Enquirer: 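Sharing a structure, written as structure tokens. Questions coming.
For clarity, every value in this text was computed on a predicted model and none was experimentally measured. Chain identifiers are assigned alphabetically (A, B, ...) following the order of the sequence lines, protein sequences preceding nucleic acid strands; residue numbering begins at 1 within each chain.
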Amino acid sequence: MMKNPIEHLNKTFDSRVRLGIMSALLVNAEVSFNELKELIAVTDGNLASHLKTLEEAAYIKVHKGFVGRKTNTTYAISKAGEKAFKAHLDALEQMIKGVK
Amino acid sequence: MDSNQEHLDALRDIKQMMERSSRFISLSGLSGIAAGACALAASVYTWRLLASRKAYGEDYRQLAFETGDSLKMQLLTIGGITFIAALLLAFFFTYTRSLKNGTPIWGITARRLLWNTMVPMIVGGIVVLRLLQAGLAGLIAPTCLLFYGLALINGSKYTLPEVRWLGYCQLILGIINLWMIGYGLIFWAIGFGILHIVYGAMMWWRYERQ
């Protein structure tokens, strides 16, 4: 009997928004809050809460800066985040291959 | 199987996001329309200028080869003003759009886009200057179209992928123009004018219409 592959999927990446954030951060050195908002097309509050979850899991790094007087918060992926997200992608791939 | 479809969707989402996030997507269709309108206006103005010369018995196709210095300066000035006006207007509409979306205009993606279009453009500019110096004015129009097309294709990797098609069209025009020396003004009006307007209108319709 094959081991249930679902256990390799990371629960943290279970939402479309978090998946979007991680994908964007994986290919860009840093992405600002507003850029993420435009890319993923979600409300401020929704995006902020998902970012918080990822930050608490230590998958992303937050950098609070300023552009003029406006706050400009940028996000970057952490080493742990990169590892976890890549493992998640591999698990997704394995599952699709397994079912075929 | 249901969950399989779900995972496939997730992978597709991820791929899309990686693509989109590494591109400058605030580029406004209105920028294209404005730049095209500038080019068309300049083409009409130049056409009339040359037509007035023709009235004195000069053929403008001949002028492409042996331009007098005063005319050369006039044409260069028109070209320069058009280029700057088109650039400013294009910047204005894209800036407005980025303000509306709350995206910083000077992000990494914008820098990447600018660099990757500027390199072929600057090289093209140097080639054009040299052609002018060497008295090969007839080759200037196709050279501009060719380098601009290459710049667009190169830049399209860092912005809306549709820019690539605008680039291919400019290349085709430029290549045809290579064998139709003397008709540069018409090719410019089509390439920089009409194609920009068509492209801009399509992009506006697709991404910005509300």
Side-chain angles (χ1 to χ4, degrees), chain A residues 4-6 8-44 47 50 65-68 70-77 82 85-86 88-100, chain B residues 1-31 93-116 155-162 203-204 206-210:
Chain A
N4 182 5
I6 289 182
H8 295 294
L9 288 179
N10 194 326
K11 272 273 178 289
T12 320
F13 304 132
D14 224 8
S15 100
R16 198 191 68 87
V17 177
R18 272 174 248 161
L19 218 54
I21 296 168
M22 292 306 283
S23 316
L25 293 184
L26 195 64
V27 289
N28 290 284
E30 52 169 25
V31 184
S32 73
F33 187 87
N34 285 327
E35 282 172 322
L36 282 174
K37 202 175 81 178
E38 191 188 354
L39 278 166
I40 304 169
V42 275
T43 60
D44 282 28
L47 179 60
H50 285 295
F66 284 89
V67 172
K70 280 191 190 162
T71 54
N72 180 44
T73 311
T74 56
Y75 300 88
I77 200 163
E82 205 177 317
F85 192 59
K86 281 184 174 157
H88 182 73
L89 290 183
D90 285 342
L92 277 175
E93 202 183 348
Q94 284 310 314
M95 288 201 55
I96 290 163
K97 276 187 189 155
V99 174
K100 259 184 192 165
Chain B
M1 202 171 156
D2 245 17
S3 77
N4 197 32
Q5 189 55 48
E6 214 174 280
H7 298 317
L8 274 174
D9 286 348
L11 277 178
R12 203 201 49 222
D13 273 358
I14 291 166
K15 217 180 125 204
Q16 237 173 28
M17 187 57 63
M18 287 177 173
E19 277 259 327
R20 263 168 64 87
S21 69
S22 45
R23 292 167 187 269
F24 180 74
I25 51 176
S26 294
L27 197 66
S28 170
L30 297 178
S31 292
F93 285 111
T94 292
Y95 184 63
T96 313
R97 188 178 174 204
S98 80
L99 278 188
K100 216 161 69 187
N101 293 344
T103 333
I105 186 131
W106 197 232
I108 322 153
T109 51
R111 254 169 287 172
R112 260 193 299 221
L113 170 63
L114 210 63
W115 176 251
N116 282 284
S156 70
K157 284 170 269 174
Y158 308 96
T159 183
L160 304 172
E162 290 87 344
M203 290 305 100
W204 182 83
R206 186 177 256 185
Y207 294 111
E208 291 159 74
R209 183 170 49 114
Q210 269 141 10

Enquirer: Just jot down the side chain to side chain contact (heavy atoms under 4.5 Å, CB included) partners of T109(B), sequence neighbours excluded, or say none.
Expert: E35(A), F24(B), R112(B)

Enquirer: Please indicate whether R111(B) has more than 12 foreign heavy atoms, meaning atoms of other residues, nucleotides or ligands, lying under 6.0 Å from its CZ.
Expert: yes

Enquirer: Are any of the side-chain heavy atoms of I21(A) and M17(B) separated by less than 4.5 Å?
Expert: no

Enquirer: How about L89(A) and L11(B): do any of their side-chain heavy atoms sit closer than 4.5 Å?
Expert: yes

Enquirer: Please name all residues satisfying salt bridge (Lys or Arg N to Asp or Glu O under 4.0 Å) with R12(B), sequence neighbours left out, ordered by chain then number.
Expert: D9(B)

Enquirer: Are the side chains of I14(B) and L92(A) in touch, meaning some heavy atoms are under 4.5 Å apart?
Expert: yes

Enquirer: Examine whether an atom of L39(A) lies under 4.5 Å from a heavy atom of chain B, and if so say whether it belongs to the side chain, the backbone or both; otherwise answer neither.
Expert: both

Enquirer: Going by heavy atoms in the side chains, are H7(B) and L9(A) under 4.5 Å from each other?
Expert: yes

